[in-house]
Each structure stands twice: as structure tokens, then as C-alpha cells.
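Below: the structure, in C-alpha cells.
These numbers come from the heavy atoms of this one structure, side chains and all, not from hydrogens, waters or symmetry mates. Computed from a prediction, not measured in an experiment: that's the story for all the values here. Letters go in sequence order (proteins before strands), and every chain restarts at 1.
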Amino acid sequence: MIDINLIREDPERVRENIRKKFQHHKLPLVDEALELDARRRALQQEGDARRADRNRLAKEIGSLMKAGKREEAEEAKVRSKENNDRIAEIERESGEAEARLKTVMASIPNIIADDVPIGKDDSQNVQGEVFLEAAKKPFEVPYHLDILESLGGIDLDSARRTSGNGFYYLTGDIARLHSAVLTYARDFMIDKGFTYCIPPFMIRSDVVSGVMSFEEMEGMMYKIEGEDLYLIGTSEHSMIGRFMGQTLREGELPLTLTSYSPCFRKEKGSHGLEERGIYRIHQFEKQEMIVICKPEESDYWYEKMWRYTVELFVSMEIPVRQLICCSGDLADLKYKSCDVEAWSPRQQKYFEVGSCSNLTDAQARRLGIRYKNEKTGKNEFAHTLNNTVVAPPRMLIAFLENHLREDGSVYIPPVLRKYMGGKEKIEPKK
RNA sequence: GCAGAGAUGGCGGAGUGGUCGAACGCGCACGACUCGAAAUCGUGUUACGUAGGAAUACGUACGGGGGUUCGAAUCCCUCUCUCUGCGCCA
């Protein structure tokens, strides 16, 4: 959600931004927002004046009653009632205008960064930096599920019986590797100065509707029956929800947090679940990083954050690249975003393992996350950023494909060994 | 889960239908005093919205939502949370 003042002062800039994102159908929204804003303000002015009258009349009635002038008081009551009828009318009208304005403002995309490549959709995303050599294996790399099965690390049949498609049992060394990666990632982020946090895995509906749109909610969130609670789709939901409506002290910023949580997703609107595999599933675990900072620092943190993910993968000897999101592929709330992609030796291409976004003040404005600017003494909206540290099921695919050896064993890089009881490899099951 | 008590500014805490954005205290900011500080004294100090260049004015907000009333921090309904006791549980 952008600042309405920006539309008032420079509507052309907002329109240009919409064009850059190839959302031409949204261009009329700018004028609609201006109209609604003007109407809402006019209504507020009349409403305020009427309310001032109401307050004045109420006081008058009070003193008349005290003075025993009953008739005059009754007369004033009638006038006050008429006034109140008009107030109710204004409130209805301005409520409508307000609600529509909110919808319109929510659909107008955040202003994107100057250096975001212009492009229509994800096919026009741009490769950024590349880390480690994306090598070919001298043997054929099987599908990740086949590797998992050969290692005795997965049981999908049972999961389908107990929970349906989109769930898995991880077993033995693979389950251990899964936990090892999360634990290593947690320690990695703590070493970078982030504060570790385990958030609630369920949140109330008001928080859900704060952190996402209605469509997203329908497509992603599982609701708990009979309760006003939803399973989180990512810890970002409860981590950002934590600061809804809060005013932070400037000295507290930047808040650099890393959170662990299981993530639950319906995956309704997306490309669907894969029948074979663990690329897209209903339940997975994720280590996330969140930064809430002053506006002037968000560019700095964005760069730092995606590089942390890269550094983590490189330390596990997995080749990755940065893929810069083009304007058309950027969600409306985002100022700038990039994916970290891992190399798949089987497919001979990169695939997404994490996503880093700078939302500037768009999310903070929507959720009322402010901080007190010590210099100006004013409360201003903070900037929020989020990034995946690592989401193990998906990273496991990259891990297995890259570290598989010709003899069927899987190499464990040194950084993970202390979390794996010193093991240097996982052997195939006989 | 049941019963009772409660939720007021950055904090503590008054206030049970009008004169309450809210006493008083703490904190904080500025000033005086001081070589400097402490103490003391004085002044100021909620947020959001609208109008205005600004000073300021008006409106809204006393956990959230709804209601009664000319008028609600105060009365009613409802939700959430906290505390105490009982129950239950890892």
C-alpha cells in the first residue's frame, strides 16, 4: 500500500509505475483513488463540523438541565437529534468511500526500485551473480525421489494413507539431515547477529487478513475448525504480525530476526502439487529472516540478506545464482525482490530455493508498523524485508542432486557434519 | 473448561452519565540554579485524521466490535487478553 499523498502529489509517477509493471488495467484506479480521497475528505470535514455541533449541543443541554430549563433543553434535544441523523448519513457515505478507497489503494502496486529490470513476467527475470561452478555430473542423476528412496529416507505411501497427497514421512539419516540443515541455518544466522525466534504456528484471522490479501488467504491458509485460528503459511506471517499496530523506538531498529516454523499451505492457486516428489507440498519447515529497519537502511539490508542465503548454500557446497525479479513478476507490495536459485545437475538448470524482498513501507503502512524518528519527533513507517534462509525439503533436492556420488552415496559437507554425528556421507540402503 | 476480579497516556494510578484527553505521581524534554552534576524550582510532554505556510482549530480514540443516550472512560451486549481460585494437561 503506497502513501495516498504520493497519488495526490505525483499521480503520473504512480501511473508510470503501473505501466512498468504491465498492469495497464489498473491505470483508472489512480483517478478513482483521487476522487474517493477528495470525497472522503469533504465528508470528513462536514462530519467533523457536525460532530463539533453535537458536542456543543450536548454541553448546552447539560447546563440547561442543571439550570432547570427543561423546555429549552428538550428543544435542543430535537435539534441535536436532527444533527445526529445527518451524522449517521455522512458516516455511512464516508464508510463506503473509505472501504472502496482501501480496496483501490491495496490494488495500486508499490513503487518499484529504479534498478528493477522491466519485464512482463517471470520469463523476463534477469540472472544476477553466480556462485560456484554449475557442473555436470559424469553419471546420470536420478529424480530426487528416487535418490531419497535409494537412501531409505522417505515414505510417501504411508503419508498418503495418513494425510493424503502432499505430505511425507522423512526417515533415518534423511530426517536427520533435514534437521541438521535447519539447525545449521539457525546457528549461521545467529552468528550473523540475528535473533532467533520461534513464533506461534497459528494466528488469528485479523492478523491473516493483515498480512495477505483475501485471494492469497483462500489459496494458502488452513483454518482450524471452530476456532478463529489459521495455520501459518510461513513464519513471516506471525513474525510480521507481531509488530502490527506497534510503534517501535528508533533505538530498537534494525530488528534482525531469524525464525523457525513449519509452514502449511493449501497450494490451491499455484501450479499444483507434484505427484512424485517433495518440491511443492502441504507441509514443510523453513528458517526465515526478517528485518524491520529505518527507511534509509532497507537497501543495505536487502543486499545483505540475499547474500546470507547465498553464503549459506555455498558453505554447503551447493552452486547457486541470484535471479532478479523483473517488474512484471514483482508482487504488488514489493519494491524489489530476487530469488536465490540452486543448481539442479539433473535438470541442468537452476530452481528456486529462496526469495528475498524489500517491501519498503508498503507492508508497514498496511499493518501500522511505525517507529519514532528521534530527529523529527514524528512517527514514521518502518521498512520491512523478508528472506528465506533455507526451506529444507526444497533445499534437500538441491543437496541430494549435487552431493550424490556415482556409488549412490551422498556426500555431507564439513559444515553439517557436527549436526550429523560426524558422518561424512549417507550410504544407500541395501 | 468453570467461577470471580480486571484492561485508562512511555510507566504507575485516579475517575461510575455532562464541565474528562483524562487528577496525582514517575519518566522524558527544555529552562533556571551550578565550575559541572545531583537535588530543587519553573515550563512543556498521547496518537491518528482533516484544514492551514505556520501558530492553531476541529474531529476521533480510555483493550476490540456493537448498542442505549441529546451526551459514554463511566450503563448494556459481545469478543479478546490478564490476574486469582478450581479443574485438566506436556
Side-chain angles (χ1 to χ4, degrees), chain A residues 1-9 33-102 104-105 198-211 223-230 237-238 241-253 255 262 361 364-382:
Chain A
M1 195 174 272
I2 62 168
D3 191 347
I4 183 80
N5 280 310
L6 188 61
I7 300 184
R8 284 184 205 153
E9 283 156 21
L34 281 170
E35 273 166 43
L36 286 166
D37 178 49
R39 195 159 113 227
R40 185 195 55 147
R41 279 191 288 170
L43 284 167
Q44 187 183 339
Q45 279 178 46
E46 192 190 340
D48 283 356
R50 294 267 179 186
R51 280 189 210 95
D53 284 344
R54 178 176 68 188
N55 292 340
R56 196 174 42 74
L57 278 168
K59 272 181 197 171
E60 227 173 87
I61 292 167
S63 51
L64 284 172
M65 294 289 256
K66 208 167 263 179
K69 299 179 183 169
R70 294 202 75 132
E71 272 174 39
E72 282 179 59
E74 289 302 325
E75 197 185 307
K77 274 193 193 182
V78 173
R79 266 187 294 151
S80 184
K81 247 184 175 148
E82 280 166 17
N83 192 46
N84 284 352
D85 289 345
R86 176 63 188 148
I87 290 175
E89 216 171 287
I90 290 167
E91 273 172 0
R92 212 197 57 245
E93 276 177 53
S94 74
E96 279 165 19
E98 194 102 24
R100 176 64 192 153
L101 181 61
K102 215 176 140 191
V104 168
M105 288 303 288
I198 301 173
F201 302 155
M202 297 182 205
I203 49 175
R204 288 223 171 87
S205 57
D206 60 331
V207 180
V208 177
S209 50
V211 297
K223 188 176 186 338
I224 305 296
E225 196 177 337
E227 310 258 345
D228 180 31
L229 285 172
Y230 289 79
H237 294 156
S238 37
R242 188 179 172 194
F243 301 103
M244 270 173 78
Q246 304 290 304
T247 303
L248 302 157
R249 280 178 293 112
E250 187 175 335
E252 291 178 84
L253 303 180
L255 284 166
D361 63 358
R365 176 169 295 106
R366 205 179 137 146
L367 299 178
I369 302 173
R370 299 165 209 265
Y371 75 100
K372 191 171 194 87
N373 186 322
E374 302 289 355
K375 242 183 246 156
T376 61
K378 290 245 188 282
N379 289 339
E380 293 172 9
F381 291 110

Exercise. NA contact type, Arg204(A), heavy-atom cut-off 4.0 Å: base, sugar-phosphate, or nothing?
Worked result: sugar-phosphate

For this session: For Ala73(A) and Met65(A), work out which heavy atoms get closest and say how close.
Result: CB-SD, 3.7 Å

For this session: State whether the number of non-hydrogen atoms from other residues, nucleotides or ligands found under 6.0 Å of Arg41(A) atom CZ is greater than 12.
Result: yes

Problem set entry | Ionic contact status for Glu98(A) with Lys102(A), cut-off 4.0 Å | no

For this session: Figure out the CD1/P separation between Ile4(A) and C48(B), and round it to whole Å.
Result: 18 Å

Exercise. Between Arg54(A) and U60(B), does any side-chain N or O lie under 4.0 Å from OP1 or OP2?
Worked result: yes

Exercise. Taking only N and O in the side chain of Asn379(A), is any of them less than 4.0 Å away from OP1 or OP2 of C48(B)?
Worked result: yes

For this session: Starting at atom CZ of Arg365(A), determine the distance to atom C1' of G49(B), rounded to an integer number of angstrom.
Result: 14 Å

Problem set entry | Closest-nucleotide ordering on RNA chain B, the 5'-leading residue of Ala58(A) and Arg51(A) | Ala58(A)

Exercise. Using the P atom in both, what is the distance from G63(B) to A72(B), to the nearest Å?
Worked result: 15 Å

For this session: Quickly work out the Asp85(A) CG to C70(B) P distance and round it to whole Å.
Result: 11 Å

For this session: Identify all stems in which RNA chain B takes part, counting only runs of at least 3 consecutive pairs (Watson-Crick or G-U wobble, each distance under 3.5 Å), and give each as one range with another, ordered by first number.
Result: B:1-7 with B:80-86, B:10-12 with B:24-26, B:27-32 with B:40-45, B:46-51 with B:56-61, B:63-67 with B:75-79

For this session: Send over the distance from Asp228(A) CG to C81(B) C1', rounded to a whole Å.
Result: 14 Å

Problem set entry | First of Gly47(A) and Gln44(A) reached from the 5' end of RNA chain B, by closest nucleotide | Gln44(A)

For this session: Kindly say if Asn55(A) contacts the phosphate of G59(B), meaning a side-chain N or O under 4.0 Å from OP1 or OP2.
Result: yes

Exercise. Once you round it to whole Å, what is the distance between P of G49(B) and NZ of Lys102(A)?
Worked result: 15 Å

Problem set entry | Phosphate contact (C70(B) OP1 or OP2) by Lys81(A) side-chain N/O below 4.0 Å | yes

Exercise. How far does the P atom of C35(B) sit from the matching atom of G42(B), given to the nearest Å?
Worked result: 22 Å

Exercise. For Asn83(A), which contact category applies under a 4.0 Å heavy-atom criterion: base, sugar-phosphate, or nothing?
Worked result: nothing

Exercise. Closest approach of Arg370(A) and Phe381(A), non-hydrogen atoms and distance?
Worked result: NH1-CZ, 3.5 Å

Problem set entry | G13(B) versus C62(B) - spacing of their C1' atoms, nearest Å | 13 Å

Exercise. With rounding to whole Å, what would you report as the distance between G27(B) and U82(B) at their P atoms?
Worked result: 30 Å

For this session: Sticking with atom C1', work out how far G6(B) lies from U16(B), rounded to a whole angstrom.
Result: 15 Å

For this session: Determine whether the side chains of Asn5(A) and Arg8(A) contain a donor N or O and an acceptor N or O closer than 3.5 Å.
Result: yes

For this session: Would you please confirm or rule out a distance under 4.0 Å between OP1 or OP2 of C70(B) and any side-chain N or O of Arg56(A)?
Result: no

Exercise. Given A47(B), is OP1 or OP2 found less than 4.0 Å from the side-chain N or O atoms of Lys372(A)?
Worked result: yes

Exercise. P atom, G12(B) versus C88(B): distance in rounded Å?
Worked result: 35 Å

Seminar exercise, completed: What one should report as the nearest heavy-atom pair of Ser205(A) and Tyr230(A) is CB-CE1, 3.7 Å

Exercise. Counting just side-chain N and O atoms, does Arg41(A) come under 4.0 Å of either OP1 or OP2 of C58(B)?
Worked result: no

For this session: Select base, sugar-phosphate, or nothing to describe what Ile61(A) touches, counting heavy atoms under 4.0 Å on all strands.
Result: base

Problem set entry | Length of the CD-P vector between Gln45(A) and G59(B), whole Å | 14 Å

Exercise. With sugar-phosphate meaning primed atoms plus P, OP1 and OP2, does Ala76(A) contact a base, only sugar-phosphate, or nothing at under 4.0 Å between heavy atoms?
Worked result: nothing

Exercise. For atom C1', what is the distance between U74(B) and G67(B), given to the nearest Å?
Worked result: 15 Å

For this session: Kindly say whether Gln44(A) contributes a backbone atom to a donor-acceptor pair with the side chain of Ser94(A) at under 3.5 angstrom?
Result: no

For this session: Evaluate salt bridge (charged side-chain N to carboxylate O under 4.0 Å, His left out) for Arg39(A) paired with Glu93(A), printing each intermediate quantity in order.
Result: CA-CA 9 Å; Arg39(A) 195 159 113 227; Glu93(A) 276 177 53; 5.3 Å; no

For this session: Select base, sugar-phosphate, or nothing to describe what Arg39(A) touches, counting heavy atoms under 4.0 Å on all strands.
Result: nothing

For this session: Specify the closest pair of heavy atoms between Ala33(A) and Ile4(A), including all atoms of both residues, with the distance to one decimal.
Result: O-CD1, 4.5 Å

For this session: Pick the C1' atom in A61(B) and in A22(B), then give their distance to the nearest Å.
Result: 12 Å

Seminar exercise, completed: Atom CG of Asp3(A) and atom P of C48(B) are separated, to the nearest Å, by 13 Å

Exercise. Could you state the CD-P distance from Glu98(A) to G59(B), rounded to the nearest angstrom?
Worked result: 19 Å

